[in-house]
**Student:** 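Please find one structure pasted underneath; my questions will follow.
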Amino acid sequence: MMRIDAHHHVWTLARADYGWLTPERGPIYRDFGLADLAPHLAAAGIEGTILVQAAPTEAETVFLLDIAKETEQVRGVVGWVDFDAADAAARIDAFAGRELLVGLRPMVQDIADDDWLLRPELAAPLEAMARHDLVFDALVLPRHLPRLIQVVDRHPDLQFVLDHFGKPHLATGDIAAWKDDIASLATRSNVVCKLSGLATEAAPNWQVADLSEAVDHALACFGQQRMLWGSDWPVVNLAGGYVHWFAAAETLLADLSSDARVAIFGGNAARIYLSSRGRPTSRK
């Protein structure tokens, strides 16, 4: 089974639509392309990737799809559309014609209205996503999880991926409420959990042990067939880098069976994102 990095980005600062990406971000405030990622993929034995949006514009989606079209290594793109537009469903219908688009991700964590997910106007675009087998990547914070549960229940035919475990407060250790919400969310069969983004939620100079409680809990709740690994590169460069995070993930999953690790490091991503869209992962 192909190993897949199920969550990474690229960006070009001159595009100027990354509102969150400021000089204060230090080591990631520069251009990052696939050539910068290639050595990390090679070292980890990763053959395929899911390229994820980093800017809340439809121009970003086109930018990523154009990049993906030029390389076999990118198996699919999780893009962005304007879910608040009156014609959001039609926009999704149009983008769905691009076969490398496998999902969409509103940047919920940056939306001022904590109840944005519950807006009735979202029903039509989410139904459009389900019709086209597009995955909803949920970029949320712990406080959004109860709202996300309601949305998941309203759309049982739509596949949801919880990015970055829902960003638990690992740095403070205040994860009791998060654990309860994760347990509840995991009872919904149309949700899977992405093992990504934990390094940047942990305290500086984090160790593997700082992540283990959250990972063990999510594994217990979602199971080995509903978890997929992603690097969150180059954001992960703020918290140790690709190599450190990949090694940590291997250590955190070391007690699982070989089949389970194969699933988390690629098989589950292929099933969730690429079973009906994107580039297939089968080898000739």
**Student:** Can we say Glu47 and Arg75 salt-bridge, meaning some charged N sits less than 4.0 Å from an Asp/Glu carboxylate O?
**Tutor:** no
**Student:** Taking the six-membered ring for Trp, is the centroid-to-centroid distance between Phe246 and Phe265 below 6.0 Å?
**Tutor:** yes
**Student:** Surrounding CG of Asp113 (heavy atoms of other residues, nucleotides or ligands, distance under 6.0 Å), is the total greater than 12?
**Tutor:** yes
**Student:** Under a 3.5 Å cutoff, is there a donor and acceptor pairing between the side chains of His8 and Thr49?
**Tutor:** yes
**Student:** Could you please spell out the steps behind the side-chain contact (heavy atoms from CB on, under 4.5 Å) verdict for Met2 and Leu274?
**Tutor:** CA-CA 12 Å; Met2 176 181 289; Leu274 306 175; over 6 Å; no
**Student:** May I ask you to decide if the ring planes of Phe136 and Phe83 are parallel, tilted or perpendicular, using 30° and 60° as cut-offs?
**Tutor:** perpendicular
**Student:** Is the shortest distance from a Lys or Arg side-chain nitrogen in Arg277 or Glu99 to a carboxylate oxygen in the other one below 4.0 Å?
**Tutor:** no
**Student:** Does any non-hydrogen side-chain atom of Ile46 lie less than 4.5 Å from one of His40?
**Tutor:** no
**Student:** What I want to find out is whether Lys194 reaches Asp163 closely enough, with some N-O distance under 4.0 Å, to be called a salt bridge.
**Tutor:** yes
**Student:** Would you call Lys179 and Glu213 a salt bridge, taking side-chain N to carboxylate O under 4.0 Å as the test?
**Tutor:** yes
**Student:** Does any pair with a residue in residues 235-257 pass side chain to side chain donor-acceptor pair (under 3.5 Å), and if so which ones, sequence neighbours excluded?
**Tutor:** Asp5-Tyr242
**Student:** Scan Asn268, Asp137, Asp133 and name whichever one has a side chain to side chain donor-acceptor pair (under 3.5 Å) with Tyr273.
**Tutor:** Asp137
**Student:** Would you check if the distance from the ring center of His144 to the ring center of Trp116 is below 6.0 Å?
**Tutor:** no
